[in-house]
Amino acid sequence: MADYRLGIDLGGTKIEIAVLNRQGDLVLRERIPNPGVYPEAILAIRDLVTSVDHRLGAVPSHRVSAGQSTSTLGIGIPGSISPETGLIKNANATWLNDQPFGMDLESALARPVRTENDANCFALSEAADGAAKGAQTVFGIIVGTGMGAGIVNNGRVIEGRHHIAGEWGHLPLPWPLPEDGEPRPCFCGNKGCMERYLSGPALAADWKGAGNRNTAGIEDAAANGDQAAIDALNRYMERFARACSLAINFLDPDVIVLGGGISNLASLYDRVPPLLSKHVITPVCTTPIVKNLHGDSSGVRGAAWLWDVTE
């Protein structure tokens, strides 16, 4: 039985580690720069985990002997592992793509590692002891520079056959309206993906014009009569409601939890729920849309929750 769960969040510029005890309490949290180069990142993670284990007096569970504490390790990445090849795919940190990341990390650390998409880790964290604690089916959405989601059912991440379950941002924006314009090209090769309309940069561009990527202050601007901000938020709320309605129609989750920079828009939680009934195929839609509890530590906590301490 492990005494500690170690979780790592591999971000674009940082590598973060968090340690949870057997009860799920945060014991330690630390960040180091991400070198952004594959071999160096493997070594940086190895050294970080080794250092933390030593400070905790923990050893990997497969090395345990009488009287020693143990630790498990999970890691969240901005992509997923191909079940066919074991290689990373769909990572926006492109230097990770086509690399045997999980296998190389296990080799470097000489211990088992569970690797999962970062949006799945976010959803798992909020389902375990966050804003969705106690819910059976949780749809966890991250909307920031990009857009993704994770699905957790009964405390387990739903990965899917190709490990792409929850790639919500690459569904087309449903029930298009004239003001949506022509379907927008997406980096994935398709057109009309929801990420092109609902990401933070998409909202910023709708507010201040093409090339703008910062949404900071948009709600204050709208409250102060900025008509461009008012119009952009109106369009955004309606589009976000359509997107959530699509998720409710095919998954019917007990709760939708929001993360990422867009989750800080306070008006989302008041304005979107009343708009759902127009598209949800049930007479009364009561699906709660809530803000995450653990903030920017939710992903790294979810990586730690990839293991059960009894394993």
Polar side-chain atom of D25 near backbone of N21 as donor-acceptor pair, under 3.5 Å | no
Find out whether W207 and D226 are in side-chain contact, i.e. whether some heavy atom of one side chain is under 4.5 Å from a heavy atom of the other.
-> yes
Side chain of N97, backbone of A91: donor and acceptor closer than 3.5 Å?
-> yes
Say whether, by atom type as modelled, one donor and one acceptor occur between the side chain of N117 and the main chain of G79 under 3.5 angstrom.
-> yes
Donor-acceptor contact present, side-chain E126 to main-chain L293, <3.5 Å | yes
Using the rule that two of Ile, Leu, Val, Met, Phe, Trp, Tyr join whenever any of their side-chain heavy atoms come within less than 4.5 Å, decide whether L48 and L28 are in one cluster.
-> yes
Look up atom CZ in F139 and atom CD1 in I141, then write down how far apart they are to the nearest 0.5 Å.
-> 5.0 Å
Interatomic distance, E30 atom CD to R55 atom CZ [nearest 0.5 angstrom] = 4.5 Å
Report yes if some heavy atom in the side chain of V113 is under 4.5 Å from a heavy atom in the side chain of T115; otherwise report no.
-> yes
Which donor-acceptor pairs under 3.5 Å do the side chains of residues 186-195 make with protein atoms, sequence neighbours left out?
{"residue": "E195", "atom": "OE1", "partner": "M147", "partner atom": "N", "Å": "3.2"}

For the residue pair N90 and S80, what are the closest heavy atoms and their distance?
-> ND2-OG, 4.2 Å
Any donor and acceptor pair, going by atom type alone, linking the side chain of R301 with main-chain N or O of A18 inside 3.5 Å?
-> no
Below 4.5 Å, heavy atoms only, C-beta onward: do R239 and D206 meet side chain to side chain?
-> yes
Side-chain (N249) to main-chain (H279) donor-acceptor, under 3.5 angstrom = yes
Side chain to side chain, I45 and F101, heavy atoms closer than 4.5 Å | yes
D9 side chain vs E16 backbone, donor-acceptor pair below 3.5 Å | no
Mind checking salt bridge (charged side-chain N to carboxylate O under 4.0 Å, His left out) for E238 and listing every partner two or more places apart, or none if nothing turns up?
-> R242
I289 and L276: side chain to side chain contact (heavy atoms under 4.5 Å, CB included), yes or no, with the steps?
-> CA-CA 11 Å; I289 299 176; L276 298 175; 4.2 Å; yes
Answer yes when D53 and R111 have at least one side-chain N-carboxylate O distance shorter than 4.0 Å, and no when they do not.
-> yes
Taking C-beta and beyond as the side chain, do I158 and N120 meet within less than 4.5 Å on heavy atoms?
-> no
Heavy-atom pair of closest approach, residues P83 and K89 = CD-NZ, 4.3 Å
Distance-only check: which donor-acceptor pairs under 3.5 Å involve side-chain atoms of residues 252-273, not counting sequence neighbours?
{"residue": "D254", "atom": "OD2", "partner": "Q136", "partner atom": "N", "Å": "3.4"}
{"residue": "D254", "atom": "OD2", "partner": "T137", "partner atom": "N", "Å": "2.8"}
{"residue": "S263", "atom": "OG", "partner": "G260", "partner atom": "O", "Å": "2.6"}
{"residue": "N264", "atom": "OD1", "partner": "K291", "partner atom": "NZ", "Å": "3.0"}
{"residue": "N264", "atom": "ND2", "partner": "G261", "partner atom": "O", "Å": "3.4"}
{"residue": "S267", "atom": "OG", "partner": "E219", "partner atom": "OE2", "Å": "2.5"}
{"residue": "Y269", "atom": "OH", "partner": "S263", "partner atom": "O", "Å": "2.6"}
{"residue": "R271", "atom": "NH2", "partner": "N234", "partner atom": "OD1", "Å": "2.6"}

Side-chain ion pair, R235 and D180, N-O less than 4.0 Å = no
Any chance CD of E179 has more than 12 other-residue heavy atoms, nucleotides or ligands included, within less than 6.0 Å?
-> yes
List the steps and the verdict of side chain to side chain contact (heavy atoms under 4.5 Å, CB included) for L10 and L96.
-> CA-CA 11 Å; L10 186 64; L96 273 174; 3.7 Å; yes
Which atom pair, heavy atoms only, marks the closest approach of S125 to H294?
-> OG-CD2, 3.5 Å
Side chain of R114, backbone of L306: donor and acceptor closer than 3.5 Å?
-> yes
Test log, rule side chain to side chain contact (heavy atoms under 4.5 Å, CB included), inputs V152 and V157 = CA-CA 4 Å; V152 173; V157 170; 4.3 Å; yes
4.5 Å side-chain heavy-atom contact, S71 and L56 = no
